[in-house]
Amino acid sequence: MTKGDRKRALRGRAGRMKGGRGSGKGTSGHVRLWGRHPVEAALKNPIRQHRKLWATREAIETLDGELPDDFPVEYAEVADLGRLVAKDAPHQGLVLECEPLDGVFLDDVANGDKARPVVVLDQVTDPHNVGAILRSAAAFNAACILTQDRHAPPESGVLAKSASGALETVPWIRVVNLARALDELAEAGYWRIGMTGEAEATLAEAMPEGPVAIVLGAEGEGMRHNIEQHCDALAKLPISSSIESLNVSNAAAISLYAVATRS
């Protein structure tokens, strides 16, 4: 792709993604994103509706693309941008206000490319963790992440920064009833593996040949009993006994790597 082609990449605008089976948008009102990777990814996302970009002139030059002539941009100093975002947030001279993304149909993903794993998060509420999991999901070609709407963080600048652009590329499905969604995945042919340190089998031993859904619970508490009951198998990562557990985002990355490299 030539530089000119990349410059035209930011010009695209298209219809929104279909509404989700769950509760729709992950947050109400507007969302502010900051940092070069999240902002650039959002500007290139044809389903993202943008409102305004605040930026330093130097930061605008770093964007891999060209904004439309009528795009609302307000040039500002670094200190002024710092007042638009969370305290000490690394905005890198770019702050974008936009509409939250619409939800996605679970059926559209579950009945899509079955070679791509699904990541299910049970009450993982830390936006840094969810953002990091989105990033790993993008790296290992996961089909989506799936969360319960009431026990997941809203779409935010903090989450988008941790996701480093993956918020715009990995579908995020929010549902009202996570157990019912797991049943739907089973009906679509997915083998649901719940990750827990209490399991006897390792992930490699529990891994099937077909479609996989990796289910992870919140740090400390782990998966709820009802969610475990909706898994086909429970598995653990073969970590050293010198450490009790891994951060949930690290566990997600290792699990996705195991799925991607299974023989």
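Start at 1 with the first residue, then count along the sequence.
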As an exercise, state the distance from CG of Leu53 to CG of Leu96, rounded to the nearest 0.5 Å. 5.5 Å
Return yes if some donor-acceptor pair links the side-chain N/O of Thr62 with the main-chain N/O of Ala59 below 3.5 Å, else return no. yes
Looking at every heavy atom in both Leu159 and Pro154, which two are closest together, and how far apart are they? CD1-O, 3.9 Å
I'd like to know if the side chain of Glu155 and the backbone of Leu101 have a donor-acceptor N/O pair within less than 3.5 Å. yes
Shortest non-hydrogen contact between Ala218 and Gln123, atoms and distance: CB-O, 3.1 Å
For the atom pair CD (Gln229) and CE (Met223), what is the distance rounded to the nearest 0.5 Å? 10.0 Å
Does the side chain of Val78 come within less than 4.5 Å of His91's, by heavy atoms? yes
Identify the two heavy atoms, one from Ile193 and one from Met207, that lie closest to each other, and give their separation to 0.1 Å. CD1-CA, 4.2 Å
So if you build clusters from Ile, Leu, Val, Met, Phe, Trp, Tyr with side-chain heavy-atom gaps below 4.5 Å, do Val119 and Tyr257 land together? yes
Once the angle between the rings of Phe71 and His50 is folded into 0 to 90°, is it parallel (under 30°), tilted (30 to 60°) or perpendicular (over 60°)? tilted
Evaluate the side-chain contact (heavy atoms from CB on, under 4.5 Å) criterion for residues Leu185 and Val120: first the C-alpha distance (whole Å), next the side-chain angles of each, then the deciding distance (0.1 Å), finally the verdict. CA-CA 10 Å; Leu185 287 173; Val120 182; 4.1 Å; yes
Note, Glu99 side chain near His30 side chain (heavy atom, < 4.5 Å): yes
Do the side chain of Arg32 and the main chain of Ser156 share a donor and acceptor less than 3.5 angstrom apart? no
Would Val158 end up clustered with Leu134 when hydrophobic side chains under 4.5 Å apart are linked, directly or stepwise? no
Does any non-hydrogen side-chain atom of Lys161 lie less than 4.5 Å from one of Pro90? yes
Arg192 side chain vs His230 backbone, donor-acceptor pair below 3.5 Å: yes
Find the distance between CG (Leu182) and SG (Cys231) and round it off to the nearest 0.5 Å. 6.0 Å
According to a hydrophobic-cluster definition based on side-chain heavy atoms being under 4.5 Å apart (Ile, Leu, Val, Met, Phe, Trp, Tyr only), do Leu63 and Trp34 belong together? no
All heavy atoms of Asn111 vs all of Ala188, minimum pair found to be OD1-CB, 3.8 Å
Main chain of Leu178, side chain of Gln148: is a donor-acceptor contact present, judged purely on distance under 3.5 Å? no
Tightest non-hydrogen contact, residues Ala132 and Ser249, listed as CB-CB, 3.7 Å
Sub-4.5 Å side-chain heavy-atom contact between Glu168 and Leu33: yes
Look up atom CD in Glu221 and atom CD in Glu219, then write down how far apart they are to the nearest 0.5 Å. 11.0 Å
Salt bridge check: are Glu74 and Lys52 linked by an N-O gap of less than 4.0 Å? yes
When rounded to the nearest 0.5 angstrom, what distance separates OG1 in Thr196 from CD1 in Ile227? 13.5 Å
Quick check on the hydrophobic clustering: are Ile145 and Phe140 connected, directly or via other members, by side-chain heavy-atom contacts under 4.5 Å? yes
Inter-residue atom distance Leu94.CG - Ile60.CD1, 0.5 Å rounding: 6.0 Å
Does the side chain of Thr147 reach to within under 4.5 Å of the side chain of Val130, using non-hydrogen atoms? no
Any side-chain heavy atom of Leu167 sitting closer than 4.5 Å to one from Pro38? no
So which atom in Trp191 and which in Ala233 form the shortest heavy-atom distance, rounded to 0.1 Å? NE1-CB, 3.8 Å
So, do Val175 and Arg180 sit near enough that their side-chain heavy atoms are less than 4.5 Å apart? no
Would a distance-only check, ignoring hydrogens and angles, find a side-chain to backbone donor-acceptor pair under 3.5 Å from Arg224 to Gly217? no
With side chains defined as the heavy atoms from C-beta onward, is the minimum distance between Leu121 and Asn129 less than 4.5 Å? no
Answer yes if Leu43 and Tyr75 sit in the same cluster of Ile, Leu, Val, Met, Phe, Trp and Tyr residues linked by side chain heavy atoms under 4.5 Å apart, and no otherwise. yes
For Asp64, does its backbone N or O pair with a side-chain atom of Glu40 as donor and acceptor, under 3.5 Å? yes
Are there over 12 heavy-atom neighbours, none belonging to Arg262, within less than 6.0 Å of that residue's CZ? yes
